[in-house]
Amino acid sequence: MPIFYKTFCERTGYAGSGLTRKEYNYSEMHDEKKIHRKFDIAFKGTCEPELGWSFFPLQDDVTVNAGETVLAFYRAYNDTDEPMIGISAYIVQPDEAVQYFNKVQCFCFDEQMLNPKEEVDLPLFFYLDPKICDDPVMSEVKEITLMYTFYKAQDQTLATLLAEHPNSPLKRPNVAPPS
């Protein structure tokens with residue numbers, strides 16, 4: 001056997017004569033309890049009354065494994081006759097679960113402007129960090145609640161400018177579609 005190949009085989013365990021194979025305990029590496037541990041994620045949504053919006057999740061809940069990505073949606077509707085800017089914040093319950101909640105894409109903490117009577121679907125893409133399975137505090141937790149609340153943004157300047165601008169799309173007359 002060529003020296004280079006023999007050295008390669010000895011160091012990597014790839015092949016060759018007289019090598020001892022590493023034994024792996026796959027049952028420890030792939031703990032069934034962790035792989036198949038399910039979490040029920042409940043979605044809630046509320047709105048500060050002075051915003052004048054409706055805001056709610058488009059799904060009540062989902063069941064996921066730790067590490068599995070989830071795409072969920074919330075819907076916001078501006079029920080006022082004025083453009084309004086809202087901003088959302090969220091909480092995770094139980095509190096101990098928040099450190100394992102990882103957002104890939106989210107609408108929270110970003111200003112959202114909705115025109116009068118406008119409706120928009122807001123995506124939330126997230127996963128639970130698999131380390132949640134190793135946390136003894138979380139060992140009995142099966143349900144996690146994700147609650148978003150929309151608040152009226154303090155600065156409504158952009159909404160006011162849009163409403164007052166002479167070329168605002170809000171001031172265009174409705175045109176009937178051709179017959």
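Numbers for residues simply follow the sequence, beginning at 1.
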Only pairs under 3.5 Å count here: list side-chain donor-acceptor contacts from residues 117-128, not counting sequence neighbours, and write none if there are none.
residue, atom, partner, partner atom, Å
Lys117, NZ, Asp79, O, 2.7
Glu118, OE1, Asn115, N, 2.7
Asp121, OD1, Arg75, NE, 2.6
Asp121, OD1, Arg75, NH2, 3.2
Asp121, OD2, Arg75, NH2, 3.1

For Ser54, side chain to side chain donor-acceptor pair (under 3.5 Å) partners two or more places apart: none
Atom CD of Glu82 and atom CG of Asn78: how far apart are they, to the nearest 0.5 Å? 9.0 Å
Any Lys142 side-chain heavy atom under 4.5 Å of Lys38 side chain: no
Flag yes if Ile132 and Val64 sit in one hydrophobic cluster, no otherwise; membership is Ile, Leu, Val, Met, Phe, Trp, Tyr, and two members link when side-chain heavy atoms are under 4.5 Å apart. yes
State plainly whether one hydrophobic cluster holds both Phe55 and Tyr77, where clusters connect Ile, Leu, Val, Met, Phe, Trp and Tyr through side-chain heavy atoms under 4.5 angstrom apart. no
Is there a side-chain contact between Phe43 and Val62, using heavy atoms and a 4.5 Å cut-off? yes
Just how far is it from atom SG of Cys133 to atom CG of Asn65, taken to the nearest 0.5 Å? 8.5 Å
Does Gln59 reach the main-chain N or O of Phe73 with its side chain, forming a donor-acceptor pair under 3.5 Å? yes
Distance-only donor-acceptor pairs under 3.5 Å for side chains of residues 100-111, two or more places apart:
residue, atom, partner, partner atom, Å
Tyr100, OH, Asp135, OD2, 2.6
Asn102, ND2, Tyr100, O, 3.3

Let me confirm one number: the OG1-CG distance from Thr80 to Leu51, rounded to the nearest 0.5 Å. 8.0 Å
Same hydrophobic cluster for Tyr74 and Val70, using side-chain heavy-atom links shorter than 4.5 Å among ILVMFWY? yes
Joint cluster assignment, Phe56 & Trp53, ILVMFWY side-chain distance < 4.5 Å: no
Full working for side-chain contact (heavy atoms from CB on, under 4.5 Å) between Met84 and Met113: CA-CA 6 Å; Met84 293 294 259; Met113 187 174 83; over 6 Å; no
Side-chain cluster (under 4.5 Å, hydrophobic types only) that Val137 belongs to, other residues: none
Shortest non-hydrogen pair, Pro57 vs Gly45, comes out as CD-N, 3.8 Å
How many angstroms lie between CD1 in Ile144 and CG in Asp40, if you round to the nearest 0.5 Å? 9.5 Å
Any pair counted as salt bridge (charged side-chain N to carboxylate O under 4.0 Å, His left out), so long as it reaches residues 41-68, sequence neighbours left out: none
Show the nearest heavy-atom pair for residues Pro130 and Ala66, with the distance to one decimal. CA-CB, 3.8 Å
Tell me which donor-acceptor pairs under 3.5 Å the side chains of residues 85-95 have, and how far apart each pair is, sequence neighbours excluded?
residue, atom, partner, partner atom, Å
Gln93, NE2, Asp95, OD1, 2.9

So CZ of Phe150 and OG1 of Thr46: to nearest 0.5 Å the spacing works out to 10.5 Å
